[in-house]
Every structure is written in C-alpha cells, then in structure tokens.
Amino acid sequence: MSDPALSDELIAAHGLTSQEYARILEIIGREPTFTELGIFSAMWNEHCSYKSSKKWLRTLPTSGPQVICGPGENAGVVDIGDGPDGKKLAVIFKMESHNHPSYIEPYQGAATGVGGILRDVFTMGARPIAAMNALSFGAPSHPRTAHLVRGVVEGIGGYGNAFGVPTVGGEVRFHRAYDGNCLVNAFAAGLAETDAIFYSAASGVGMPVVYLGARTGRDGVGGATMASAEFDDTIEEKRPTVQVGDPFTEKRLLEACLELMASGAVISIQDMGAAGLTCSAVEMGDKGGLGIRLQLDHVPQRESGMTAYEMMLSESQERMLMVLKPEREAEARAIFEKWDLDFAIVGETIAEDRFVILHGNEVKADLPLSKLSSSAPEYDRPWIETPAAEPLGELPAIGAMEGLRALISSPSYAHKGWVWEQYDSQVMGDTIRTPGLGAGVVRVHGTDKALAFTADVTPRYVKANPCEGGKQAVAEAYRNLCAVGARPLATTDNLNFGNPEKPEIMGQLVGAIRGIGAACTALDMPIVSGNVSLYNETDGRAILPTPTIGAVGLIENVDGLIGGLVQEGDLALLLGESGSHLGQSALLAEALGIEAGDAPPVDLEAERQRGAFLRDNRSLIGAASDLSDGGLALTGFEMAEAAGIGLVLESGDIGELFGEDQARYLIACNFDQAEALMVAAGRAAVPLAQVGRFGGDMVRLGDETAPLAELSALYRGGFARAIGDA
C-alpha cells in the first residue's frame with residue numbers, strides 16, 4: 001500500500017498547524033514521509049507535548065522531603081517510611097483523563113482509562129493497591145447522559161474488578177456543560193520498595209529494545225491526536241480511535257513485569273499509552289540521551305497487512321516497551337512465555353540522535369529523536385483574566401427542608417451506591433474505608449500504616465473564580481484526608497479545560513494553576529504527577545473548567561483512623577466559623593437553578609491550622625467530615641443517614657445551614673469528648689461550637705422537621721431515578 005500524498009488537508013487532519021509543519025520542514029530539511037507525519041502529529045499534539053500548559057505547569061511546587069520522584073515519569077513517587085521488613089516503602093500514584101474516548105465509546109473508553117493508569121503505576125515497579133475515578137456527565141435529561149453513565153460505570157467496574165484492584169473513592173457530578181463532552185478521570189496508586197523503583201530513561205548503546213504484552217492491532221490509531229481536538233458532528237467517525245481493553249491480559253502483564261523486574265534484567269521500562277509505540281520509544285530514548293532503531297517486522301501483530309504508520313500510532317492496550325540487559329534475554333523471554341504474553345526484540349538503542357523506523361526493506365522514518373520530545377512546540381498562549389463575579393443579589397425565599405430535599409434528590413448529591421456497588425472495593429483484603437463518606441483508606445499490607453485517597457474539585461467555583469477555585473480543590477482534598485486522621489502527603493492533578501486557543505479558556509487554566517500552586521505550597525502537598533486534558537469542547541461549547549485534584553495521605557497507625565459512624569446521642573460540633581457564603585453554592589444551583597456570585601474565599605492558613613487540630617485530637621473524635629458542597633445541612637444529613645439515625649441542627653438560617661465557607665469540619669463525639677475538644681480548641685485558638693446533635697428518627701433543621709426514613713428514601717433513590725434506572 002503506497003502512502004498518501006501530503007496535502008494541507010492531510011496535515012491539518014493530523015492536528016498540525018501550518019507553522020508547525022513549517023517547523024518540521026526546517027528540522028528535517030525535506031518533506032516528511034506519511035509515517036513521519038504521523039509521528040510528529042502524535043508527539044506534538046497537546047495530549048503528549050503539553051505545548052499550551054508547560055509554561056504554567058513549571059510554576060507548580062513539585063518537591064519536598066517526602067518526594068522521591070516528581071512529574072516527568074510515568075507516575076509520582078512519595079516516601080511513606082518503613083515497611084514490614086524494615087525496607088523503605090513508597091506510594092506511587094497518578095491521575096489521567098480518558099474523556100474523549102469515553103464519550104465516543106463509554107465502556108471501552110472508561111475501561112482502557114483504568115487499564116492505562118494501572119500500567120503507569122506498575123511500570124515503575126509498584127503493585128497497584130487502590131483506584132479512584134472522578135466522573136462528570138451532562139444534564140440527566142440529555143439524551144446521551146444515561147447511556148454514558150451506564151457505560152462508563154460498567155467499564156470502570158468491569159476492568160478494575162477483573163484486574164483485581166479495589167476502587168475506594170471518587171466523585172460523580174452532572175451539569176449541562178458536559179452534555180457533549182463527559183469527563184472520565186482515572187486514578188491509581190501502588191506500593192514499591194524505594195530501592196526497587198524503575199524509570200523510563202534508556203541507557204547503554206546497542207541494548208535490545210523489547211516489546212512486551214499483547215499484540216498490536218488497529219484499535220486506537222490516532223487516539224492521542226483525537227484527544228487533542230474538539231468534537232463536532234463527525235464524532236461517530238472517531239469511533240475507531242477508541243482502544244479495546246482486556247483486564248485479564250493486563251493482570252498477566254503486571255505479574256510478568258514484576259517478576260522480570262525482580263530478576264534484575266530490566267534497564268528501563270515504559271508503558272505504551274498515548275501514541276503507543278511512538279511515544280514510549282521516543283520518551284525512553286530522549287530521557288536517556290540516546291537514539292532508537294525499530295524494526296517493525298518483529299512487532300507482534302494481531303491483524304494482517306498493518307502499515308508502519310498504523311503500528312507506530314496504534315494504542316492497542318496491555319503493552320510495554322523495555323530496554324533489556326542483553327545477557328538476560330533468554331530468562332526474560334521465558335518469564336513472558338510462562339505468562340502467555342508476547343516477547344519480541346523489536347529494536348536497539350543507538351548512539352546517534354535518530355529515531356529510525358524500518359519496515360520490510362524500507363526506511364519508513366528517520367528523524368532526530370530529541371526534536372520529537374524535548375523540542376516540541378511550546379506556546380505562551382494569550383489569556384485574559386476571568387472577570388470578577390457580580391455580587392449575589394436578592395435571593396428567592398426557600399425553606400431549609402425544601403433546600404435539603406432538593407440537594408439529596410439531585411443526582412450530583414444523591415447517594416452514589418448505584419455507582420460504587422458496581423466496583424469491588426474489598427479485593428486484596430486491605431480496604432479499611434470503602435466509598436461513600438469521605439476519603440477511601442487502604443492498609444499498607446503487613447504494617448500498621450494505612451493510606452488515604454481522595455479526588456476533589458468544584459467546577460462552579462473554578463468558572464466563577466479560577467484562582468480561588470483552584471485553591472479550594474486542593475483545600476478540600478486536604479480536608480478530606482485530615483477528616484480520616486491522615487497526614488496529607490502529595491497530590492496529582494488532572495486539568496480538564498476547553499480550547500486553550502481561546503483567551504478566556506486559557507485564563508481559566510492560568511488562574512486555576514496559580515490557585516493550585518498556592519494551596520499545594522501552603523499545605524505541603526506538592527504535585528508529583530498529573531495530566532492536562534484540553535479541547536474539551538463540542539461545537540464550540542466548553543465544559544466547566546474542572547481541575548481535579550487527587551491526593552494521598554498517610555495514617556502512621558490504623559488505630560489513629562477517624563473512621564467510625566456517628567452514634568446515638570453524639571453531639572455535632574462545628575470546627576470553623578458559622579456559614580454564610582451562598583455564592584456558587586450547591587443550594588442555589590440545585591434548588592433554585594441559580595449559578596451566580598463569587599466562589600468562597602480560601603484561607604490557607606486556617607485550612608492548615610484546623611486540619612492539624614483535627615489530626616492532633618483524633619482520639620477525641622468519633623466521626624468527622626469536611627464541609628463543602630451543601631454546607632452544614634448536607635454534611636450533617638450524610639453523616640446521620642449513613643448511621644441510620646436522626647439529626648438536629650439548631651439553626652434555621654439558610655446561610656448557616658447551606659453556606660459553603662471553607663476550612664470547616666463537622667465533628668461527632670460524645671459529651672466527655674466534646675468537653676475535652678473545647679478545651680483543646682481554646683488552647684489552639686481555633687473556633688469550635690456545638691451546632692446540634694445526632695439521634696432519634698427525625699431530621700430537624702431549625703423549626704422544620706421530616707422523618708429520616710422519608711428523606712433516606714429520597715436520597716438513596718435519587719441517582720437511579722435521574723438516569724431512568726429506578
């Protein structure tokens with residue numbers, strides 16, 4: 001099959017601008033081959049090169065005494081101290097998006113998103129111990145929403161459950177801004193010994209480059225380029241760019257890779273993720289300052305007649321690329337054959353700065369390797385600051401119980417059992433706290449330690465005030481970890497935005513990164529890994545700016561876990577000031593259909609001080625939750641309903657009940673504990689006050705009451721009703 005002639009249309013279809021194509025001509029001094037065009041397209045698209053965000057990502061804090069490896073590798077690595085045999089342990093984690101594929105083909109898009117993030121973790125030598133996801137869907141009334149929800153949730157559960165990793169947390173939201181572009185952000189974390197972590201930089205000249213795992217097919221060809229483009233009415237034509245996953249093959253790949261790593265045969269290893277063989281080979285060579293020569297005739301293929309272009313750009317799943325010690329080839333091959341996986345030497349490292357692709361008797365590509373990665377375009381896009389929000393005007397009157405009913409019956413705030421009950425949260429046997437109320441917690445096997453995981457963002461805040469919204473996403477993640485007694489360690493970010501070529505969208509991204517950076521610095525939670533997903537638009541309509549923050553915290557001893565349910569007769573204590581801020585609140589959005597006002601301001605020193613107070617006094621706390629969406633009323637109801645007991649909140653003031661002021665927690669404890677906490681709060685100069693109590697079978701907000709059973713039925717059925725699955 002002859003290559004198509006290059007044309008302006010073909011170049012544009014590869015996501016390259018005329019200026020970028022001119023730069024390619026300047027670099028190589030000639031017209032590229034079709035395969036070379038595909039390689040440049042893959043490496044220079046937004047998804048792989050971060051060309052619109054690099055300038056701003058560099059401003060984020062990425063180091064600290066706990067950080068072993070920050071951004072730039074497959075995942076971030078953070079020290080967690082001694083393991084069961086005295087060896088130092090690290091938690092390795094990352095979050096990535098699979099948004100576009102999940103909208104086109106929800107089951108496979110979500111499933112392969114889970115598969116990809118798991119490979120990012122175990123390619124560094126870690127055994128995955130936990131997964132999370134953060135999902136954003138369009139309005140429940142939109143004709144595609146129910147289909148997307150069912151497919152995405154089933155895909156996440158189908159892959160994660162079969163692979164055998166517990167899904168311990170996440171979030172689900174609905175908003176009309178995601179009607180044409182859902183978000184699927186997948187998180188995974190694993191454990192490794194600090195002296196057995198593997199990196200992707202190749203080393204040594206003449207070392208064999210080995211292909212591992214499943215065979216290459218045509219699924220996912222051009223997927224990375226598709227992920228860096230807006231949607232329009234040709235969306236169905238993009239279906240072939242969605243990969244197909246096999247979790248059982250991935251499980252075998254995990255075991256084979258860990259066994260091979262333990263043998264000492266591996267020099268470097270890289271997951272074949274976005275842009276497949278192209279990106280993995282280029283990154284390994286570039287990080288090691290080496291060239292790579294590939295012979296595609298040796299690539300295991302599951303389809304006949306594949307071209308060099310297709311093989312280089314395929315995103316077939318469950319594949320790895322490795323640089324191997326040559327004297328260990330037979331041993332390595334035997335391990336992979338034992339696990340019934342393909343093992344093929346497909347190339348070698350070379351001293352020259354070249355990326356040479358051979359297929360048949362032809363050279364299909366011969367490019368300067370370093371120019372593909374580290375010399376990718378970098379833009380300082382024009383941006384405009386988001387205008388200050390108008391102050392809230394007079395609001396319609398609403399009763400406290402009416403407001404609570406509106407929240408607990410909406411799919412964004414209703415009970416999410418319909419979702420997480422499709423995920424196996426107990427596989428591996430170390431899950432201590434399952435999804436449903438705050439951060440998930442997993443024991444570090446064989447030790448008294450545990451790790452807590454959370455994912456947070458409030459997109460309405462970010463749209464109204466990107467900087468404060470970015471701060472708040474980090475602050476809420478911090479609070480969720482503190483609320484289970486964990487010391488926050490580090491974060492990963494998944495920055496989902498619209499088209500960065502629009503100055504107002506770029507302004508959202510810049511503002512959010514500034515806020516995230518400020519909060520991560522103030523709260524000692526450096527960003528150690530992450531992903532940027534731009535061009536999340538359909539027919540020119542952008543999603544809400546959604547910079548999801550995944551965070552990990554350490555509980556040194558599980559006896560220090562704040563993990564209980566509220567008890568009959570517990571007092572309800574508010575750590576922090578009374579609420580009043582209703583701008584961009586869940587109450588306005590869900591009960592009144594109003595999205596107006598400013599985001600709540602974030603006092604980072606107050607966040608730090610109150611989080612430390614909670615952790616320092618964990619022995620006096622029966623249960624705790626941070627206050628965020630829905631304020632005191634929704635948080636109090638969720639804590640009470642989870643325990644099956646009633647709630648009394650003394651105030652009937654709408655601002656105090658539903659205000660979303662930050663740096664606040666709701667604590668449940670008995671009378672003696674409350675007395676001791678009050679004394680401790682006085683010494684620490686933190687605001688702490690009793691606002692109600694737990695008990696009985698009624699819910700009372702000020703003077704308004706309703707039976708817990710009635711509200712519980714509304715709360716537990718709201719999600720299924722919204723997607724027509726009641």
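- Using modelled atom types, no side-chain atom of S533 and backbone atom of S97 make a donor-acceptor pair closer than 3.5 Å.
- Looking at N494, its side chain never comes within 3.5 Å of a backbone N or O of T492 through a donor-acceptor pair.
- Not a single donor-acceptor pair under 3.5 Å links the side chain of T548 to the backbone N or O of V457.
- Among pairs with a residue in residues 266-297, none fulfils ring pair (Phe, Tyr, Trp, His ring centres under 6.0 Å), at least two apart in sequence or across chains.
- For the pair R293 and F355, the cation-pi test (distance below 6.0 Å, angle within 45°) is failed.
- Salt-bridge check for E26 with R23: passed, with a basic side-chain N closer than 4.0 Å to an acidic carboxylate O.
- The two residues M311 and V299 have their closest heavy-atom pair at SD-CB, 4.0 Å.
- Across every non-hydrogen atom of F93 and V121, the tightest pair is CA-CG2, 4.4 Å.
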Q: Begin from the C-alpha positions of Q270 and N74 and carry the test side chain to side chain donor-acceptor pair (under 3.5 Å) through to its verdict.
A: CA-CA 8 Å; Q270 174 75 38; N74 288 288; 2.9 Å; yes
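- A donor-acceptor contact shorter than 3.5 Å is absent between the side chain of N465 and the backbone of A599.
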Q: Could you check E20 against K51 for salt bridge (Lys or Arg N to Asp or Glu O under 4.0 Å), going step by step and ending with a plain yes or no?
A: CA-CA 12 Å; E20 288 169 346; K51 59 190 176 186; 3.0 Å; yes
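- Between the side chains of S370 and D286, not a single donor N or O lies within less than 3.5 Å of an accepting N or O.
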Q: With side chain to side chain contact (heavy atoms under 4.5 Å, CB included) as the test, would you mind laying out the steps for N45 and Y50 before giving the verdict?
A: CA-CA 8 Å; N45 68 61; Y50 298 102; over 6 Å; no
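- Looking at P547 and I513, their side chains never come closer than 4.5 Å, going by heavy atoms from C-beta outward.
- A donor-acceptor contact closer than 3.5 angstrom is absent between the side chains of T386 and Q508.
- Residues passing the side chain to side chain contact (heavy atoms under 4.5 Å, CB included) test with A201, sequence neighbours excluded: K287.
- Residues I292 and V356 have side chains not in contact (no heavy-atom distance under 4.5 Å, counting atoms from C-beta outward).
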(Q) Please determine whether side chain to side chain contact (heavy atoms under 4.5 Å, CB included) holds for the pair D219 and R302, giving the CA-CA distance in whole Å, both sets of side-chain angles, and the decisive distance to 0.1 Å. (A) CA-CA 11 Å; D219 52 319; R302 68 166 187 261; 2.4 Å; yes
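- Note that the NE2 atom of H298 and the NE2 atom of H359 stand 10.5 Å from one another [nearest 0.5 Å].
- Looking at Y379 and E501, their side chains never bring a donor and an acceptor atom within 3.5 Å of each other.
- Side-chain atoms of L367 and I28, non-hydrogen and from C-beta on, do get closer than 4.5 Å to each other.
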Q: Assess whether side chain to side chain contact (heavy atoms under 4.5 Å, CB included) is satisfied between L60 and I516, documenting all intermediate values.
A: CA-CA 8 Å; L60 291 170; I516 289 167; 4.0 Å; yes
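- Contact annotation: the side chain of I68 never approaches that of V78 to less than 4.5 Å [non-hydrogen atoms, C-beta and beyond].
- For the atom pair CG (L212) and CD1 (I269), the distance works out to 6.0 Å, reported to the nearest 0.5 Å.
- Between W56 and W383, the ring planes lie perpendicular to each other; the angle is over 60°, past the 30° to 60° tilted range.
- Annotation: side chain of S314 is in contact with side chain of R319 (closest heavy-atom distance under 4.5 Å).
- Side-chain contact check for N536 and N181: at least one donor-acceptor pair (N or O, by modelled atom type) lies under 3.5 Å.
- Counting only distance, with no hydrogens or angles, the side chain of E315 and the backbone of A275 share a donor-acceptor pair below 3.5 Å.
- A 4.5 Å side-chain heavy-atom check between M43 and S49 finds every atom pair outside the cut-off.
- F122 places a side-chain heavy atom less than 4.5 Å from the side chain of E250.
- Between D179 and R144 there is no salt bridge, since no side-chain N of the basic residue sits under 4.0 Å from a carboxylate O of the acidic one.
- Remark: the Y211 side chain and the T216 side chain contain an N/O donor-acceptor pair separated by less than 3.5 Å.
- The closest donor-acceptor contact from the side chain of T278 to the backbone of M312 lies under 3.5 Å.
- Looking at T33 and T35, their side chains never bring a donor and an acceptor atom within 3.5 Å of each other.
- In this structure, D353 contributes its side chain and L369 its backbone to a donor-acceptor pair below 3.5 Å.
- Checking each of Y21, Y309, W44 against H14 for a ring pair (Phe, Tyr, Trp, His ring centres under 6.0 Å) leaves exactly one that passes, namely Y309.
- E537 and K502 are joined by a salt bridge, as a carboxylate oxygen and a charged side-chain nitrogen come within less than 4.0 angstrom of each other.
- The shortest heavy-atom contact between R460 and L544 is N-CD1, 4.4 Å.
- Other residues, nucleotides and ligands place no more than 12 heavy atoms under 6.0 Å from the CD atom of E385.
- When only modelled atom types and interatomic distance are considered, S200 and S268 share no side-chain donor-acceptor pair under 3.5 Å.
- For the residue pair N133/N185, the side-chain donor-acceptor check at 3.5 Å is not satisfied.
- By the 4.5 Å heavy-atom criterion applied to side chains, T491 and P526 are not counted as neighbours.
- The two atoms that bring T249 and E318 nearest to each other are CG2-CB, 3.8 Å, heavy atoms only.
- Taking CD1 of I39 as the start and CG of L313 as the end, the distance is 7.0 Å to the nearest 0.5 Å.
- Between G70 and V67, the shortest heavy-atom distance links the atoms N-CG1, 3.9 Å.
- Considering CD of E283 and SG of C279, their distance stands at 3.5 Å, rounded to 0.5 Å.
- A551 and A477 make their closest contact through CB-CB, 3.8 Å (heavy atoms, listed as atom of the first residue, atom of the second, distance).
- A donor-acceptor pair under 3.5 Å is absent between the side-chain atoms of T112 and the main chain of V244, judged by distance alone.
- Side chain of S41 to main chain of G15: no donor-acceptor pair is present (N/O by atom type, distance under 3.5 Å, no hydrogens or angles).
- In this structure, the separation between OG1 on T538 and CD1 on I543 is 10.0 Å, given to the nearest 0.5 Å.
- Looking at K54 and D380, no side-chain N of the basic residue comes within less than 4.0 Å of a carboxylate O on the acidic one, giving no salt bridge.
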Q: Before giving the answer on side chain to side chain contact (heavy atoms under 4.5 Å, CB included), spell out for E31 and I24 the whole-Å C-alpha distance, their side-chain angles and the decisive distance to 0.1 Å.
A: CA-CA 8 Å; E31 186 177 84; I24 292 170; over 6 Å; no
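- Atom OH of Y107 is separated from atom OG of S102 by 12.5 Å, given to the nearest 0.5 angstrom.
- With hydrogens and angles ignored, the 3.5 Å screen pairs a side-chain donor or acceptor of Q108 with a backbone N or O of G245.
- Within a 6.0 Å radius of NZ in K463, other residues, nucleotides and ligands contribute 12 heavy atoms or fewer.
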